[in-house]
Number of protein chains: 2
Amino acid sequence: MIPKKTSARRAPVAPPGEALRARGLRLTGPRRVILEVVRATDRHPSVAAVYAEVRRRLPRVSLGTVYRNLRCLAAEGLVRERAEPAGLRFDGNLAPHDHFTCVTCGRVLDIPRRRVAPPPHPPAPGLRIMSHRVEFYGRCGACRRRAAAPTPQRRRDDGR
Amino acid sequence: MIPKKTSARRAPVAPPGEALRARGLRLTGPRRVILEVVRATDRHPSVAAVYAEVRRRLPRVSLGTVYRNLRCLAAEGLVRERAEPAGLRFDGNLAPHDHFTCVTCGRVLDIPRRRVAPPPHPPAPGLRIMSHRVEFYGRCGACRRRAAAPTPQRRRDDGR
DNA sequence: GTGGCTGCAAATCATTTGCACTTTC
DNA sequence: GAAAGTGCAAATGATTTGCAGCCAC
């Protein structure tokens, strides 16, 4: 089961139906639930994780439908795709934010971006920058604490 | 065929044999060529692209060998893995640098990082930052120019 | 009513793995 | 000579697709 979000500040979001209808897409049951599931967590769920959670509410949805919808919701900008080394993930937080990846447990945390920060340094000439994103790597508090005690720990988030 | 690198400033690199032997790994023909191929370009080749290029020099290498070696070279830190939406890519540039992704043609350019830049803004408390990486998105010069003329263009880099 | 959407199952594509044979050290 | 590495082919896993029926508009 996907845990609820912890303390993420989210941008106020328009009702889903609008953006969809504007492009001739329908707001169906599965689609709505898939969107709700991705938005309800800050764990950046994998496709499999979204599928599992959606099935708890709609036991008949198929994996294909989840794939199709995540793809189309991402194309509409209603969720964001994240390519991680372990595979594709989805981020329902549409507010501008960066990410922190714990190199020990693999969890990815949202880092809210303080107001409209300019790109951290000017890149090469000739390029028109439209946006940027910062990925931090390090160790989260829990893993730092655990590192002191010799208790074995999960190497990576299992993706659910 | 993988184009040569353009103008990337690379960190001076130790001869491949050392880092490998230090970990009980052998410097074989395929392994050496795979490393050379990834290092010789700044195009961030996919596995398939590396395979194609390596085969031009060693026609008998198998795809499995390329996978195994890229994985192990990445584990040794001799190349870097990049998870992109289109799939796994490899980066032979070991100097600290950021990336610029052209949203039109999909190409990823290396952005050299001016000296040791501190993280662009302090992230959340409780996290120990070990490194960070910046991804820029926008349009490259070529695509900006082409946008003026109504010539159709490749939507995305084909990954080779 | 109709076109988009769905579930299902089969097809495709990427990646990994088992094994007998080579090669490096 | 032993262990690591290789080629090959088969296995696994992830994602996509075809299609007949369903449902939102």
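Numbered from 1 within each chain, the chains take letters A, B, ... in sequence-line order.
- In this structure, A:Leu70 atom CG and D:dA14 atom P are separated by 15 Å, rounded to whole Å.
- As rounded to whole Å, 14 Å separates atom C1' of C:dA14 from atom CD of B:Glu81.
- Using a cut-off of 4.0 Å between Lys/Arg side-chain N and Asp/Glu carboxylate O, B:Glu53 and B:Arg56 are scored as salt-bridged.
- Taking a cutoff of 4.0 Å between a charged side-chain nitrogen and a carboxylate oxygen, B:Arg82 and B:Glu135 qualify as a salt bridge.
- Put simply, CG on A:Leu58 is 12 Å from P on C:dC8, counting in whole angstrom units.
- In this structure, the side chains of B:Arg107 and B:Thr101 stay at 4.5 Å or more apart for every pair of heavy atoms.
- Rounding to whole angstrom units, CZ of residue B:Arg60 and C1' of C:dC21 are separated by 12 Å.
- In this structure, CG of B:Leu73 is placed 13 Å from C1' of D:dG5, rounded to the nearest angstrom.
- The aromatic rings of B:His44 and B:His99 lie perpendicular to each other, with more than 60° between the two planes, well past the 30° mark.
- Atom CD1 of A:Ile34 is separated from atom C1' of C:dC5 by 11 Å (rounded to the nearest Å).
- Note that OH of A:Tyr51 and OG of A:Ser46 are 13.0 Å apart. Values are rounded to the nearest 0.5 Å.
- Atom CG of B:Leu88 is separated from atom C1' of C:dC13 by 15 Å (rounded to the nearest Å).
- Atom C1' of nucleotide D:dG13 and atom OH of A:Tyr51 are separated by 15 Å, given to the nearest angstrom.
- Comparing atom distances between the B:Arg31 side chain and each of D:dG5, C:dT6, C:dT15 picks out D:dG5 as nearest.
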Report task. Would you give a per-nucleotide map of nucleotides 16-25 of chain D, 5' to 3', where B means the base has a protein non-hydrogen atom under 4.0 Å away, S means only the sugar-phosphate does, and - means neither? Result -> BBB----BBS
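- At distances below 3.5 Å, not a single donor-acceptor pair connects side-chain atoms of B:Arg26 with backbone N or O atoms of B:Arg21.
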